[in-house]
Amino acid sequence: MISEIKDKTEFQAFTPEPIRVLSDEGEWVAPFELDLDEATLKRFYAEMVAARMLDEKFIILIRTGKTSFIAPHAGHEAAHVAIANAVQKGHDWLFPYYRDGGLWLAMGTPPSEIFGQMLGNAADPAKGRQMPSHPGSKPLNIFTACSAIASHIPPAAGAAISMKLRNTGQVVVCSFGDGATSEGDWHAGVNFAAVQGAPAVFVCENNRYAISVELTHQTASHTVADKAHSYGIPGYRVDGMDVLASYYVLKDVVERARAVHGTALVELEVYRYGPHSSADDDSRYRPKAEVEAAKQRDPIIRLRKFLERQGWWNETAETELRAGIAHDLNTALEQAEAAGEAPAEWMFEDVLSSRPWHLEEQRRLVLEELR
Amino acid sequence: MPTLTMIGAINAALSEEMSRDERVVLFGEDVAKRGGVFLATEGLQQKFGPDRVLDSPLSEAAIIGAAVGMAAHGLRPVAEVQFADYVFPGIDQLFSQAAKLRYRSGGQFTAPMVVRMPTGGGVKGGHHHSQSPEAHFAHTGGLKVVVVSTPYDTKGLLKSAIRDDDPVIFMEPKRLYRAVKEDVPGDDYLIPIGKAAVRREGRDITLVSYGGSMVETLKAAEEMAVAGINPEVIDLRSVMPWDKEAVLNSVAKTGRLLMISEAPHTASIASEVAATVSEELFDQLYAPAIRVTGFDIPYPYAQDKLYMPTVTRILNTAKRVLDY
């Protein structure tokens with residue numbers, strides 16, 4: 001229980017209630033002292049607002065027909081900002097999934113690259129190969145997301161085993177939704193990492209819905225964190241709409257994984273405000289009142305209330321912050337749009353390390369057609 | 001020069017590559033302490049230590065998927081799937097992750113890895129120790145697929161596979177593991193992936209095969225020679241990419257193609273080669289390109305030998321091509 005925690009480095013696994021640091025009203029409820037400075041807290045706040053505004057931008061992209069697909073992440077911002085701040089950026093590796101738009105941004109990915117991927121055009125470092133909302137970045141060690149649910153769990157385990165075998169001092173943080181925990185590959189991957197003692201932190205962004213299937217139809221486990229019992233690793237249940245609780249627990253778990261090559265599971269309880277994707281209508285399976293109730297726990301409003309209590313935030317600061325983010329996102333989107341379409345020549349690149357005869361023939365056929 | 005079986009050649013290739021490159025690691029079910037159920041990795045954990053030769057949990061998804069992550073992170077993993085028939089729980093890892101990682105990331109991440117697996121029939125293994133699933137792999141862009149037939153090739157091709165920058169499925173016909181011994185040089189030699197070998201030169205008909213069926217194909221060729229027919233025999237060795245140039249050069253000379261493979265008939269490598277020859281050499285053929293293959297049925301236990309192309313079936317079908 002949180003009330004038993006005397007020090008933030010002693011978070012207990014398998015607590016009956018989610019670990020919280022801030023109440024819904026933004027009051028400090030943790031039994032340890034705040035040790036983050038004003039600038040850090042303001043940065044967490046700014047990153048969450050930017051993540052929300054990025055999501056709003058994604059919605060505009062789909063409504064204006066500029067993209068074909070989005071996976072909305074509003075409601076997941078605290079989880080995303082907490083993960084980004086718990087890792088050593090560019091040193092540790094992330095294995096994200098498609099609802100990690102805010103994480104993608106908070107890691108420091110240039111927004112023009114994010115928009116390039118969302119547009120699938122020449123501004124996409126991944127060359128327009130995948131549908132939108134699939135994060136990835138080699139310079140930031142963000143393993144390019146794959147649509148196939150939980151298929152990134154065994155690769156995440158493999159990278160963590162490589163880190164352990166070579167003692168690189170790195171950690172893998174692998175994120176996924178609650179539905180992923182039903183896939184065989186999820187269990188296979190978590191088990192292999194755990195039995196090898198690999199430095200992997202598996203983070204479930206549990207928003208209780210796998211498209212329309214509610215958690216009680218997904219698993220008989222009381223919590224996702226409980227599943228860690230099966231693999232002999234700790235499982236932490238955290239209020240994932242509390243950025244400070246999420247950050248403190250993740251930071252603790254990531255550093256422990258780094259120090260002792262330990263594997264862990266962290267369940268961040270979040271809520272998805274929007275539909276599963278731009279192709280989904282969530283009013284078919286959940287009441288509006290439930291969505292509205294979840295918004296009462298909003299991670300951004302909660303941290304803002306805390307900052308205001310500390311005397312560190314006001315309406316002027318809010319207006320300035322939002323104007324600055326809006327400007328940056330608009331500029332980045334313009335930049336991405338200016339890059340133009342992904343060239344047809346890219347279609348046959350990066351299949352293999354070099355192009356064998358059959359791909360050369362197939363490529364020629366397409367280029368002749370376009371001539 | 002050492003005389004080795006195919007198993008010996010695999011062991012030698014792995015040992016040499018592990019000595020040459022410390023990034024090479026081996027893992028899979030039973031590969032470390034026991035040295036593999038076929039003993040392909042025997043002695044390697046003792047030689048290279050437990051950090052480079054690992055026993056994995058019993059999970060093909062974990063084995064293949066972990067290889068993807070290790071490879072992306074900078075290792076050169078050689079994963080063993082105990083039987084090709086058991087690759088299916090790991091297929092999502094092969095198809096969704098290994099095959100597409102380079103492409104989906106725009107070349108930012110790659111998976112230079114080898115997945116070894118014993119393949120094919122002839123050992124009374126029933127459905128799940130006899131199949132030849134290479135066409136599944138070849139049908140998914142982003143993978144390379146090798147099927148070996150001799151100890152000499154096995155060493156050279158496995159070393160090439162380990163050094164290759166792409167995911168390579170390395171298929172070892174289990175009925176050939178200890179069938180023959182041949183001279184395998186102890187030095188460092190490579191056989192390129194994608195290059196076929198002409199096993200016998202001839203002018204009358206081109207027999208193209210690979211893997212386990214090379215045994216019956218070569219026997220059939222000998223019997224044809226006794227009967228006064230002079231067949232050319234090509235061993236594809238790699239089925240993705242396969243050596244179109246070698247096959248077309250031969251068929252341009254003989255005007256007749258017989259494709260032989262123990263894999264199931266429909267949508268097979270044999271079909272692919274036959275279709276390509278028909279497309280490219282239509283006006284130079286004296287007969288249609290014909291396939292002798294396994295059948296579109298679950299692999300039977302009782303008729304283990306009858307499932308695979310027999311010498312008799314190859315000869316009978318060759319006669320159809322020759323008499324056309």
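Because the structure is predicted, anything quoted here is derived from the model rather than measured. Each chain gets a letter, A, B and so on, in the order the sequences are listed, and its residues count up from 1.
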**Message:** Rounded to the nearest 0.5 Å, what separates atom CZ in A:R129 from atom NZ in B:K100?
**Reply:** 13.0 Å

**Message:** Can you tell me if A:H91 has over 12 outside heavy atoms packed within less than 6.0 Å of its NE2?
**Reply:** yes

**Request:** Indicate the atoms forming the closest heavy-atom contact of A:A188 with B:S59, along with that distance.
**Result:** CB-OG, 3.3 Å

**Complete:** Checked A:N141, A:V190, A:I153, A:T144 vs chain B; the most non-hydrogen pairs under 4.5 Å come from A:T144

**Asked** Which answer fits B:A67, side chain, backbone, both or neither, if we ask what part of it has an atom under 4.5 Å from a heavy atom of chain A?
**Response** neither

**Prompt:** With distance as the sole test, does B:D166 use its side chain to make a donor-acceptor pair with the main-chain N or O of A:S353 at under 3.5 Å?
**Reply:** yes

**Item:** From A:L352 atom CG to B:K144 atom NZ, the distance as rounded to the nearest 0.5 Å
**Value:** 5.5 Å

**Asked** Is chain B contacted by the side chain of A:S147, its backbone, both, or neither, given a heavy-atom distance below 4.5 Å?
**Response** neither

**Item:** For chain B, the option from A:K127, A:H187, A:E349, A:K138 that forms the most heavy-atom pairs under 4.5 Å
**Value:** A:K138

**Top contributor to chain B interface from A:H134, A:H152, A:M163 [non-hydrogen pairs under 4.5 Å]** = A:M163

**Message:** Is it the case that the side chain of A:W357 and the backbone of B:D243 share a donor-acceptor pair, with hydrogens and angles ignored and the cut-off at 3.5 Å?
**Reply:** no

**Prompt:** Counting only heavy atoms not in B:E245, do more than 12 sit closer than 6.0 Å to its CD atom?
**Reply:** no

**Request:** Using a cut-off of under 4.5 Å on heavy-atom pairs, state which of A:G128, A:A193, A:A198, A:C146 scores highest against chain B.
**Result:** A:C146

**Request:** To the nearest 0.5 angstrom, please state how far the CZ atom of A:R166 sits from the NE2 atom of B:H73.
**Result:** 5.5 Å

**Item:** Value rounded to 0.5 Å, distance of CD1 in A:I142 from CD in B:Q108
**Value:** 9.5 Å

**Request:** Could you look at B:L101 and say if it's the side chain, the backbone, both or neither that has a heavy atom under 4.5 Å from chain A?
**Result:** side chain

**Request:** Give the minimum heavy-atom separation between B:F109 and A:S137, together with the two atoms involved.
**Result:** CZ-O, 3.8 Å

**Asked** Of the backbone (N, CA, C, O) and the side chain (C-beta and beyond), which part of A:A145 lies under 4.5 Å from a heavy atom of chain B, both, or neither?
**Response** backbone

**Fill in**
Cut-off 4.5 Å, heavy atoms of chain B, and the answer for A:P356 is side chain

**Asked** Side chain, backbone, both or neither: which part of B:P89 has a non-hydrogen atom closer than 4.5 Å to chain A?
**Response** backbone

**Complete:** What one should report as the nearest heavy-atom pair of B:G141 and A:V351 is C-CG1, 4.3 Å

**Request:** Compare every heavy atom of B:P57 with every heavy atom of A:V195, then report the nearest pair and how far apart it is.
**Result:** CG1-CG, 4.0 Å

**Item:** Donor-acceptor contact present, side-chain B:R104 to main-chain A:Q130, <3.5 Å
**Value:** no

**Prompt:** Side-chain contact, heavy-atom cut-off 4.5 Å: A:Q196 with B:L54?
**Reply:** yes

**Least distance between heavy atoms, B:S56 atom then A:F192 atom** = CB-CZ, 3.8 Å

**Request:** Taking B:Y103 for its side chain and A:M347 for its backbone only, find out whether a donor-acceptor pair lies under 3.5 Å.
**Result:** yes

**Item:** A:E341 atom CD: more than 12 heavy-atom contacts under 6.0 Å
**Value:** no

**Message:** With a 6.0 Å cut-off (strictly less than), is the heavy-atom count around CD of B:E22, excluding the residue itself, greater than 12?
**Reply:** no

**Request:** Check each atom of A:E361 against the heavy atoms of chain B and say whether the ones under 4.5 Å are side chain, backbone, both or neither.
**Result:** side chain

**Under 4.5 Å from any heavy atom of chain B - which part of A:Q117** = neither

